[in-house]
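Notes to accompany the following structure.
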Number of protein chains: 2
Amino acid sequence: MAEPYQFDQDVAVTATEDGRWRGTMTDRWNVGPTPNGGYQVAIALAALRQIVRHPDPLAVSAHFMARAEPGPVEVEAAIERSGRRHSTASARLVQSGERRLHVAATFGDLSVPTGPTLTAGVPPVLPRVEGCFPQVGHPLLPEIMRRFDLRLTAGSLVWATGKPRGVGEMAGWIRFADDREPDAAALILFADALPPAVFNLAGMRAAPTVQLTVHVRSRPSPGWLRCRFVTRHVTDGYLEEDGEIWDAAGKLVALSRQLRRLQ
Amino acid sequence: MAEPYQFDQDVAVTATEDGRWRGTMTDRWNVGPTPNGGYQVAIALAALRQIVRHPDPLAVSAHFMARAEPGPVEVEAAIERSGRRHSTASARLVQSGERRLHVAATFGDLSVPTGPTLTAGVPPVLPRVEGCFPQVGHPLLPEIMRRFDLRLTAGSLVWATGKPRGVGEMAGWIRFADDREPDAAALILFADALPPAVFNLAGMRAAPTVQLTVHVRSRPSPGWLRCRFVTRHVTDGYLEEDGEIWDAAGKLVALSRQLRRLQ
């Protein structure tokens, strides 16, 4: 049976006889000629979740080693350790015989609270969805943006206006364009789905991801996700991008951090 | 020739004939009965830096899979990919035949700036070293604290006073007690060297690390390091601890984030 939603179809992998997994990296999640990093990680996780016994990715770290390209992809996936509360596993994405991405992930079960909620902080203050700006109709619209309903704040439109605000921030509301509801696996994609926050500081320059870590805190409720990504320190070409994702129920669902290199 | 400093001695590993590395996890970096997590990662990096051709760990991600213990340790270390600008490698720490820690790291060369410095932010505002408090003479002093000269701010003494401030912050100045100067490898240890910031929110409770990511931005200048660690969101027992480390010259040298589980 075909998966009904684009995301699930495009991350699907099939076990091969030599103990690997095979899939296709489509161009539907491209930024320019290159598949989005969060999409690449989601493919690795699609293989890992078939071998671990815990359902939710709690902590995912991805090291980007070489530029990926649309086309066939193989995943080498292995359990590192399977414990009572957590499982840890690692994966490599291989294209044309070349390793391009390394992912390690700790899985757990977010349906079983394992401790107290002492402070959840507060979600970023954004205008309501209706007060933000859909990303449609622009001649330079990256292909990946067609997969989302993304409503950016007025201060986050630099990718379309070319006018950086001088503040390394990018914020807005996001969901899948085909109404697929968010889940823990999709949060890894959403953590890398907005245009880089550094665009708002340095203008539009390539800023490929070197490393991405996502911590998933909760399974998101259906509906819009509220996101904010911030870059504070750009030193010798390297910069961090710290993200928060909150769900429609007002819960923190993920924190992300990536290391980018400004070109 | 013996290494002159305790840290270098205690992370040293030797290649074995079966392509692994062997070392001893000493109890000199213990917190209670358990070797500190940053120290464990530093042992993995000591093996990795013998196989990669770039000198500096730029992005290190560690997934803690089982409690380590003082004693013999084996490291399985492998190159994932060697590129022009970066090398990526992975390592596992094995004790008693059991995998306990998985580390992936991207290495580069921080002596070669690869891009602009656009904003470096500002270091956290702390009292001068002389206005902070050395951690000595306390009957419960964790063994690892004897390896550092650690001067905590007045608001960060919860581990000794038992009185949380109600703010998830821990800050102070740190250097090695034996005057070894900091370098990129040691920053991984310093990123996990202060008492957990969550103590200042929830009191003294075990809060083991599930995952730790450190991004090294610069080789530190000699002298004191200025550190601040903050926990904002404690949800269902999981929490983040975000760290900044700045060097004596006022440069940002590392950002860290860990996922802890409150017990």
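What's counted below: heavy atoms across the whole structure, side chains too, no hydrogens, waters or symmetry copies.
The backbone N or O of A/H233 lies less than 3.5 Å from a partner atom in the side chain of B/R217, making a donor-acceptor pair.
When B/H102, B/M65, B/H63 are each tested for a side-chain contact (heavy atoms from CB on, under 4.5 Å) with A/T106, only one passes: B/H63.
Comparing B/D236, B/T117, B/L259 by how many heavy-atom pairs each has under 4.5 Å with chain A, the most go to B/D236. With chain B as partner, the option from A/G121, A/S90, A/A59, A/P116 having the largest number of non-hydrogen pairs under 4.5 angstrom is A/P116. Ranking B/R100, B/Q211, B/R81, B/E98 against chain A, the residue ahead of the rest is B/R81, based on heavy-atom pairs under 4.5 Å. Comparing B/L110, B/D242, B/L262, B/L239 by how many heavy-atom pairs each has under 4.5 Å with chain A, the most go to B/L239.
Proximity to chain A at a heavy-atom threshold of 4.5 Å picks out B/R232 from residues 221-232 of chain B, in numerical order.
Residue B/Q258 holds its CD atom at 9.0 Å from NE2 of A/H215, rounded to the nearest 0.5 Å.
You'll find the side chain of B/R261 reaches within 4.5 Å of the side chain of A/T114, heavy atoms only. Contact annotation: the side chain of A/L255 approaches that of B/R257 to within less than 4.5 Å [non-hydrogen atoms, C-beta and beyond].
At a 4.5 Å heavy-atom cutoff, the contact between B/L118 and chain A is made by backbone and side-chain atoms alike. With a 4.5 Å cut-off on non-hydrogen atoms, A/I79 touches chain B through its backbone but not through its side chain. At a 4.5 Å heavy-atom cutoff, the contact between A/R205 and chain B is made by side-chain atoms alone. Contacts of A/A105 with chain B are made by backbone atoms alone, with heavy-atom separations under 4.5 Å and no side-chain atom involved. There is no contact between A/E76 and chain B, counting heavy-atom distances below 4.5 Å.
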